[in-house]
Number of protein chains: 2
Amino acid sequence: MRYHKVPDETIRRLPVYLRGLCSFPNDGSRSISSQQLAEVLHVKSPQVRKDLSYFGDIGTPGVGYDIQKLKKHIRTILRLNNTHCAALIGYGNLGAALLKYTGFKTFCVEISAVFEINPRKIGRVVQKIKIEDVSNISSLRKRGISVAILAIPALESQDVTDKLIDAGVGGILNFTPSYLSAPTNVKVVNIDIGVSLACLPYYLPVGA
Amino acid sequence: MRYHKVPDETIRRLPVYLRGLCSFPNDGSRSISSQQLAEVLHVKSPQVRKDLSYFGDIGTPGVGYDIQKLKKHIRTILRLNNTHCAALIGYGNLGAALLKYTGFKTFCVEISAVFEINPRKIGRVVQKIKIEDVSNISSLRKRGISVAILAIPALESQDVTDKLIDAGVGGILNFTPSYLSAPTNVKVVNIDIGVSLACLPYYLPVGA
DNA sequence: TTAGGTCTGTGAACGAGAACTCAATCACGA
DNA sequence: TCGTGATTGAGTTCTCGTTCACAGACCTAA
Ligand SMILES: NC(=O)c1ccc[n+]([C@@H]2O[C@H](COP(=O)([O-])OP(=O)(O)OC[C@H]3O[C@@H](n4cnc5c(N)ncnc54)[C@H](O)[C@@H]3O)[C@@H](O)[C@H]2O)c1
Ligand SMILES: NC(=O)c1ccc[n+]([C@@H]2O[C@H](COP(=O)([O-])OP(=O)(O)OC[C@H]3O[C@@H](n4cnc5c(N)ncnc54)[C@H](O)[C@@H]3O)[C@@H](O)[C@H]2O)c1
């Protein structure tokens, strides 16, 4: 492997590969070819090989990829070896749904802190987590929490983002419909549900 | 404007432009330049002009874009002139959050039907909508509902998708972590929250 | 009426990422 | 030990989308 900047698109596909591998029928075979992997995941096989080749020689020519080794390798690349703790900011409609969701553990991510501004919610215990006051965000650094999920009203999002960054957070999953300013060493991933939904009618057949 | 296939990326930006225009400070000026628009939305100004130019001459050289006209124009392109009714499939954690959300009306989309398989939920009235049995999906065609939001367990997603397509649905917003097979005339937009979250640790500074 | 400044629309250059292709590599069996 | 078939890794090509740059349209004011 030579030096290469890894495309963001590749990073985004790795979790998909990982999930595919986890749910792969354990039919005794220890290895899987890029062809088989590609079919399950609905991508092309050269894509799979190129993605994986960015990170060194993982596969074996003539054989394929060792399933267990590949899983471990992808986890290492994504830093998902040990469980990551994430903070949820905003326990509203969306926040509550996210907190109840158990699917994140496939990716070794676990929501381990919840912050609110509403006094009626602060102090309540939900899913074994005690909801804290939003001013406690500054404690995130010493608690080793560096990933945050933003599910608060758009107006407050930049303020809270600034606080998160001050507290050493390096990755933010943003559900609010606002653009968040952040230094380049902080990664912001946006999920804009409204925009995704608004795109659909365009693709409907005319007259529908 | 010549004939051009419009890039998907352009379509995806249009709702962002629309939302930006809606929240633009109404300081009396009737028009806005691509420069100003670009600043608000954090894109480059040639991008804005190119995106809009796919759909004919909307702006006025030397002046800019008439704000009200542009809003109307974008709505027309995206077919968001008259309210679109959408069906929500699955009233679980996520489905409930989506149904309560009022922000979709910015984009003239409204959830007007909810389907469930759980008998204890069927028949309940939530947000003025009566939850129906999933077998009623076939009635969507005559009700003129052609957009659906999938928020059910992954295992059932392909089955229900097939039913939705049979019922004439042409656009699906998919929250399940599975790949949905659909004919090319049906648009599927995926929102994979788990994958988005799993990407974040990769970008954290080493040692964090 | 015309000159000068502003801003759009668009062809062309550029860049990133996806798909293709094939030489190099490996397992296995003769 | 060597030949065969399978499969990777990576250089090349292709496709799509973004950025650039400028001609032309428009407004205003003298
Ligand atoms: N619910 C959805 O389906 C949906 C869809 C698309 C986008 N969103 C976006 O997600 C965000 C959350 O949506 P929601 O429906 O859960 O809203 P919500 O109003 O139900 O919940 C927001 C929660 O955040 C809390 N909050 C407000 N300010 C805060 C602060 N400064 N610090 C900590 N907590 C604070 C509020 O007390 C409330 O509990 C919004 O930006 C919304 O636009 C939601
Ligand atoms: N909740 C989250 O935060 C979250 C995050 C990421 C992904 N997801 C995905 O979104 C989907 C829904 O998640 P959830 O947390 O709301 O799950 P949930 O279990 O809370 O809700 C699922 C609902 O769908 C209903 N249902 C099941 N089969 C059905 C069918 N065939 N037809 C109609 N309804 C049916 C169930 O009765 C239930 O009410 C899942 O695929 C999940 O993986 C959710």
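Each chain gets a letter, A, B and so on, in the order the sequences are listed, and its residues count up from 1.
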Closest-nucleotide 5' rank along DNA chain D - winner of B:D8 and A:S33: A:S33
Pair B:S196-A:R12, side-chain donor/acceptor within less than 3.5 Å: yes
Base versus backbone protein contacts along nucleotides 21-30 of chain C [heavy-atom cut-off under 4.0 Å; B, S, -]: B---BBS---
Touch class at under 4.0 angstrom, heavy-atom based, for A:R13 against every strand present: sugar-phosphate
Integer-rounded Å distance: D:dG9 P and A:Q35 CD: 15 Å
Donor-acceptor side-chain pairing of B:R49 and B:S53 below 3.5 angstrom: no
Among C:dA18, D:dG9, C:dT8, the nucleotide that comes nearest once only the side chain of B:S34 is considered: C:dT8
Spacing of A:R12 atom CZ relative to C:dG17 atom P, expressed in whole Å: 14 Å
Rounded distance (Å) that lies between atom P of C:dC7 and atom CG of B:L70: 16 Å
Value in whole Å for how far the P atom of D:dT8 lies from CG of A:D66: 13 Å
Heavy-atom donor-acceptor pair, B:T60 side chain to B:V63 backbone, under 3.5 Å: no
A:K50 NZ - D:dT7 C1' separation (whole Å): 16 Å
B:Y65 side chain near C:dT6 phosphate (N/O to OP1/OP2, under 4.0 Å): no
Touch class at under 4.0 angstrom, heavy-atom based, for B:I58 against every strand present: sugar-phosphate
Sole residue of A:N118, A:I117, A:L99 in side-chain contact (heavy atoms from CB on, under 4.5 Å) with A:Y91: A:L99
Euclidean distance, atom CG of residue B:D51 to atom P of C:dG9 [Å, nearest integer]: 12 Å
Sugar-phosphate, base or nothing in reach of A:T10, heavy atoms under 4.0 Å: nothing
Between B:T76 and B:N81: side-chain donor-acceptor atoms closer than 3.5 Å: yes
A:Q47, nearest nucleotide to its side chain (from D:dA10, C:dA18, D:dT18): C:dA18
Integer-rounded Å distance: D:dT7 C1' and A:L37 CG: 14 Å
B:Y203 versus A:D8, side-chain donor and acceptor atoms under 3.5 Å: yes
Whole-Å distance separating the NZ atom of B:K44 from the P atom of C:dG15: 13 Å
Whether B:N174 side chain and B:S178 backbone form a donor-acceptor pair below 3.5 Å: yes
